[in-house]
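When reading the values below, keep in mind they use all heavy atoms of this one structure, side chains included, and skip hydrogens, waters and symmetry mates. Below, chains carry the letters A, B, ... as their sequence lines are ordered, and counting in each starts from 1.
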Number of protein chains: 2
Amino acid sequence: MAEVAARAGVSTMTVSRALKRDGAVSEETRRRILAAVEELGYVLDLSAGALSSKRTGFVAVLVPSINNSNFADTARGITEVIEDQGLQVLLGATDYDIEKEEHLVQTMLTRRPDGIIVTDGRHTPRARRMLQAAGIPVVEIWDLPAEPIDHVVGFSNAEASRALVRRLYQKGYRKIGFIGGASRRDSRGADRRLGYLRAIEELGLPVGRTIAFGDPPISMEQGGQAIVHLIEQWPDVDAAVCVSDLSAFGAIMECHRRGWAVPGRIGIAGFGDFEVSRWAWPRITTVAVNCRTIGLEAGRILLGALDDVQRKRTPMPATLIVPFEVIEREST
Amino acid sequence: MAEVAARAGVSTMTVSRALKRDGAVSEETRRRILAAVEELGYVLDLSAGALSSKRTGFVAVLVPSINNSNFADTARGITEVIEDQGLQVLLGATDYDIEKEEHLVQTMLTRRPDGIIVTDGRHTPRARRMLQAAGIPVVEIWDLPAEPIDHVVGFSNAEASRALVRRLYQKGYRKIGFIGGASRRDSRGADRRLGYLRAIEELGLPVGRTIAFGDPPISMEQGGQAIVHLIEQWPDVDAAVCVSDLSAFGAIMECHRRGWAVPGRIGIAGFGDFEVSRWAWPRITTVAVNCRTIGLEAGRILLGALDDVQRKRTPMPATLIVPFEVIEREST
DNA sequence: ATCGCCAGTGATATCGATAACAATCGCCTG
DNA sequence: CAGGCGATTGTTATCGATATCACTGGCGAT
């Protein structure tokens, strides 16, 4: 930067200002500086700037998996909003594991992000403590935690699942099974099962028709295996609610393969409104949440909180509940 | 860190050493320091460490899209390898746009990563210049650039596509069409088309049966629309090669919907061996490359280059060609 | 007994930018 | 015309760690 400054005949401070968005520098000077930057091929070093300004321009984002288009959409939404403000996402994947989340939180805090967005409201006590002590805005997304750390953008997975079951009931289904993961690691999956159970009970339907299969994320393959188990174990089952669209898709394809008509023999519903559900044949009944919106809103709330901090206002923790929608398609 | 040092009765330098992996500190001292760290809830500030050590511990990774499980797998592979060495991935998505890539390269360099991995061998001249001038190891992946910048881990998309077409020919298909994106933005997609054209020509098959549809990434929806166009335009077509599995899937489902048997009426093949292709019904013929391996190898090569730099050896640019495999399944 | 080496530790300078405040200049207001 | 204000630029201190070199004490080899 000193070289650029020398070449442009100004001080480094002026160069620094010229390279910021809000820098108060005269047009003439800025032009000279930018020319010098270009000629020298100079690239600003933010890691130095971060140290003195105490703002790194990073927003840490933790998702269970980037290999899941729902979370990928959310991550994109966040990125979109915050990069407009010159911030950058530091992405991490927890693999649905709160121990790994704890470790990632620590790693991320080591980079001193200006804010952090975590998926889920479940954390290890130590992770929780670190998040609270970090002194930066925190947004928990994709869930409605009982005790939010700070801000929240999410919805009740249990309610959504319950609404789906009730819709199936209206449609005439009475022997409804559930296909989900075998571990509690995926807390959103566990909530969906909970909502299913609640609905079944409320409606007075036969209980117990639950297949637990494999570790999250439940794959297409596991969906296919699970539907076979479900039908073998309870031959009178007339519908299956799957913990995600991917398992629902696997289940439907397995039914095709075995000549079981969907929805003729059994209705099958998923969760998440993945692309595959919109274009599969039959199209898959599911619960849609706007994943990108979750990301956009989480990003906006974070930006708002950062703005509050900068203006030395006390930020007010916000909770934003995003809507979900049961979408009935051809598979039920 | 000064507080921790005071509490442990040592200098900050010793604390710093105790918190590194290779730190030469006596067991007794380390224990005292870690205890102090725990009691004070101290979290190391890497953004400061980066400044003095001139190593940020970042590896920048640019992929066309994180919402594509092939690239997500690659990104995971990279992450896996490098986080073992205490490095962290800085992920960016170019949206299949080399202008956006240029911008991202600049943004990333601003963070002074220790190395950078970019998808594709096509770059704007400025991006290319910046990459070369950065003075850090560069790995280009998922392609075999004519003029590599530095290291390469990839395969020839054209060759792979050509092999697929030849396999279809062996199987008896003679009127083979191609479904791909309408723009040249996706250079791997363009290469696949090229390979298709080359094969068609070599085999003396009827040419021209190419449907170009939409901007990358070509979606399931576009695959469904394109197959209709293809069949309407050339009713005698007996097979379709799609630029990716997603479009192949969309095409197959559209055929189901219209009562066109796959592969009875038309055989359909994809590219990429996505999960959906393994579990769809019919299972989809495709070209498989081990995406995770691309990531793992790219990570390893990068680590090797970083090691070379540290030991002041001159790193030798490496090119690693990963194998692809044509997998014949039920859809052809 | 002396020397040299090594493990463990500390003192100091430094990484490259920006915050905070100061200085300068021109122009407007009363 | 004095005072003051806003726009522009510079000076200096500082952010929080680590590189580098220096120092100490113990121990084995000669």
Would you say that more than 12 heavy atoms from the other residues, nucleotides or ligands in this model lie under 6.0 Å from the CD of B:Gln132, or not?
yes
Tell me the interatomic distance from A:Leu44, atom CG, to C:dC15, atom P, rounded to whole angstroms.
17 Å
Counting just side-chain N and O atoms, does B:Tyr42 come under 4.0 Å of either OP1 or OP2 of D:dG16?
no
Choosing from C:dC15, D:dT14, D:dA17, which nucleotide comes nearest the side chain of B:Lys54?
C:dC15
B/S/- along nucleotides 5-13 of chain D (protein heavy atoms under 4.0 Å) is ---SBBB--
Atom pair distance, as rounded to whole Å: CZ in A:Arg112 and C1' in C:dA17:
18 Å
With sequence neighbours excluded, what pairs up with A:Pro217 under the side-chain contact (heavy atoms from CB on, under 4.5 Å) test?
A:Tyr96
Judged by modelled atom types alone, do B:His123 and B:Glu102 share a side-chain donor-acceptor pair under 3.5 Å?
no
Please report the distance, rounded to the nearest Å, between NZ in B:Lys20 and P in C:dG8.
19 Å
Counting distance only, does the side-chain N/O of A:Thr74 pair as donor-acceptor with the main-chain N or O of A:Cys291 below 3.5 Å?
yes
When you get a sec, tell me which of C:dA17, D:dA19, D:dG16 is the closest nucleotide to the side chain of B:Ser53?
D:dA19
Nearest-angstrom distance from the residue atom CG of B:Leu51 to C1' of D:dC15
9 Å
Please say whether more than 12 non-hydrogen atoms of neighbouring residues, nucleotides or ligands are located less than 6.0 Å from CZ in B:Arg292.
no
What contact category does B:Leu46 fall into here, base, sugar-phosphate, or nothing, at under 4.0 angstrom with non-hydrogen atoms?
nothing
To the nearest Å, how far apart are B:Leu40 CG and D:dG16 C1'?
16 Å
Length of the line joining B:Arg55:CZ and D:dT20:P, which is rounded to integer Å
12 Å
How many angstroms lie between CD in A:Glu39 and CG in A:Leu34, if you round to the nearest 0.5 Å?
11.0 Å
